[in-house]
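Remember, predicted model here, so these are calculated numbers, not experimental data.
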Amino acid sequence: MSVLEIKNLHVNVETDQGTREILRGVDLVINEGEIHAIMGPNGSGKSTLAYTIAGHPKYTVVEGEILLDGENVLEMSVDERARAGLFLAMQYPVEIPGVTVTNFLRTAKTAIDGEAPSVRHWVKDVRTAMGNLKMDSAFAERNVNEGFSGGEKKRNEILQLELLKPKFAVLDETDSGLDVDALKIVSEGVNRAKENTGLGILLITHYTRILRYIKPDFVHVFVAGKIAEQGGPELADRLEDEGYDRYQVAETASAE
């Protein structure tokens, strides 16, 4: 069984005001097939955790480790992390002019698997996945995310998730900017990927509405760069009612 372990993770970022510590000792274990929701106010370090796992060069790990099946992720390049089974669905997917969706997907699949997929089976898989996500087949020949709406970009992220079949997926506010219909379609795609491959999911969100469709096994509250509380799905319901004020008041008091 695959496992992603985050141990005592401390991460800094360089800003115009100098070095700033964002993550301040994060411990988290995600097993294959589990869904972990990370919730918290703006600026609490949720996205920093996502990009650190993925290997964004902006973030510097000063202490701690990230292990994937016992292997040190921090020693891997970004592409090595992808080949090892890590996937990041970005909050703001980037446009790639000149590269079509179909070429991007096939190139990524070939790089991850180490061999090109069979054309006949691959075309069928892509068509099926696009159909399930209610994406027009014409999107396959369009440049990646170029001119896509917010909802279309998020569906394209989940299309990649379904086709690339990672061991663990980090979904960074995948629900942001989605209307109710698009949210349901994207959520169904995530659930389908989990059912088909048993992947583990780290779902980062501000709001509980996506958790109505993607049911978490564990909920972790992020405040000031660390986990302030964790529990089951009921914790998300409490956050919906109470918000994050009590955590922030407690953090302010402890800082004083």
Side-chain angles (χ1 to χ4, degrees), residues 1-14 22-23 25-36 38 45-96 98-118 122 125-126 129 144-145 153 156-174 190 193-194 196-204:
M1 176 179 284
S2 288
V3 58
L4 179 64
E5 301 172 88
I6 300 167
K7 300 181 178 181
N8 191 33
L9 191 65
H10 291 253
V11 175
N12 290 352
V13 65
E14 294 298 327
I22 306 293
L23 300 185
V26 175
D27 292 287
L28 187 62
V29 177
I30 305 171
N31 291 300
E32 178 183 319
E34 293 178 348
I35 299 177
H36 291 246
I38 298 280
K46 303 185 301 298
S47 291
T48 295
L49 177 62
Y51 285 104
T52 301
I53 293 171
H56 196 298
K58 175 182 176 181
Y59 303 97
T60 302
V61 176
V62 294
E63 189 177 346
E65 55 187 352
I66 302 174
L67 303 176
L68 175 57
D69 296 334
E71 297 293 322
N72 188 351
V73 170
L74 299 178
E75 292 181 350
M76 301 178 189
S77 62
V78 173
D79 59 303
E80 287 171 338
R81 297 180 196 208
R83 285 197 295 271
L86 294 178
F87 177 89
L88 171 65
M90 294 182 285
Q91 183 178 357
Y92 304 107
V94 298
E95 297 182 2
I96 309 178
V99 179
T100 64
V101 169
T102 187
N103 283 340
F104 174 81
L105 289 170
R106 185 171 169 79
T107 301
K109 184 68 171 175
T110 300
I112 287 172
D113 289 356
E115 61 181 4
S118 159
W122 177 248
D125 289 347
V126 172
V144 176
N145 292 326
K153 289 180 179 179
N156 193 37
E157 293 285 284
I158 305 308
L159 176 65
Q160 297 167 45
L161 173 65
E162 290 206 62
L163 292 170
L164 300 180
K165 297 179 170 55
K167 293 179 182 178
F168 291 93
V170 180
L171 309 181
D172 187 18
E173 298 194 31
T174 297
V190 173
K194 177 178 176 292
N196 291 337
T197 66
L199 83 162
I201 297 171
L202 181 62
L203 174 62
I204 296 170

Please test His10 against Leu23 for side chain to side chain contact (heavy atoms under 4.5 Å, CB included), starting from the C-alpha separation and ending with a verdict.
CA-CA 5 Å; His10 291 253; Leu23 300 185; 5.8 Å; no
The criterion is side chain to side chain donor-acceptor pair (under 3.5 Å); which residues satisfy it with [X], sequence neighbours excluded?
X	result
Asn145	Asn156
Ser47	Asp172
Lys167	Asp69
Lys109	Asp113

Using the side chain to side chain contact (heavy atoms under 4.5 Å, CB included) rule, take Val99 and Thr107 through it: C-alpha gap first, then chi angles, then the decisive distance, then the call.
CA-CA 10 Å; Val99 179; Thr107 301; over 6 Å; no
Residues in salt bridge (charged side-chain N to carboxylate O under 4.0 Å, His left out) with Glu162, at least two apart?
Arg192
For [X], all residues meeting side chain to side chain contact (heavy atoms under 4.5 Å, CB included), sequence neighbours excluded:
X	answer
Glu65	Lys7, Leu67
Ala111	none
Thr110	Arg106, Ala116, Pro117
Val61	Leu9, Val11, Thr52, Leu74

Between [X] and [Y], what is the shortest heavy-atom contact and its length?
X	Y	answer
Ala84	Met76	CB-SD, 4.0 Å
Phe104	Val144	CB-CG2, 3.6 Å
Gly45	Ile22	CA-CG2, 3.9 Å
Leu171	Ala89	CD2-CB, 3.6 Å
Val3	Glu5	CG2-CG, 3.9 Å

Non-hydrogen side-chain atoms of [X] and [Y] separated by less than 4.5 Å:
X	Y	answer
Val170	Ile204	yes
Leu199	Leu161	yes
Thr174	Glu157	no
Leu86	Pro166	no

Pairwise ring pair (Phe, Tyr, Trp, His ring centres under 6.0 Å) hits with a residue in residues 52-79, at least two apart
Tyr51-His56, His56-Tyr59
If I take atom [atom1] from residue [X] and atom [atom2] from residue [Y], how far apart are they, to the nearest 0.5 angstrom?
X	Y	atom1	atom2	answer
Glu80	Leu68	CD	CG	12.5 Å
Asn196	Lys165	CG	NZ	7.0 Å
Asn31	Phe168	CG	CZ	7.0 Å
Phe87	Leu202	CZ	CG	13.0 Å

Pair Val190, Ile201 - check side chain to side chain contact (heavy atoms under 4.5 Å, CB included), show working.
CA-CA 9 Å; Val190 173; Ile201 297 171; 3.5 Å; yes
Passing option when Leu28 is tested against Ile38, Leu4, Ile66 for side-chain contact (heavy atoms from CB on, under 4.5 Å):
Ile38
With Ile6, which of Val29, Asp27, Leu49 fulfils side-chain contact (heavy atoms from CB on, under 4.5 Å)?
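Considering Val29, Asp27, Leu49, a side-chain contact (heavy atoms from CB on, under 4.5 Å) with Ile6 is found only for Leu49.
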Qualifying salt bridge (Lys or Arg N to Asp or Glu O under 4.0 Å) pairs, either residue in residues 81-96, two or more places apart:
Asp79-Arg83, Glu95-Lys153
If you apply the rule side chain to side chain contact (heavy atoms under 4.5 Å, CB included), what do you find for Asp125 with Leu163, and how did you get there?
CA-CA 7 Å; Asp125 289 347; Leu163 292 170; 4.0 Å; yes
Using the test ring-ring contact (aromatic ring centres under 6.0 Å, His included), find all partners of His36 that sit at least two apart in sequence or belong to another chain.
Phe218, His220
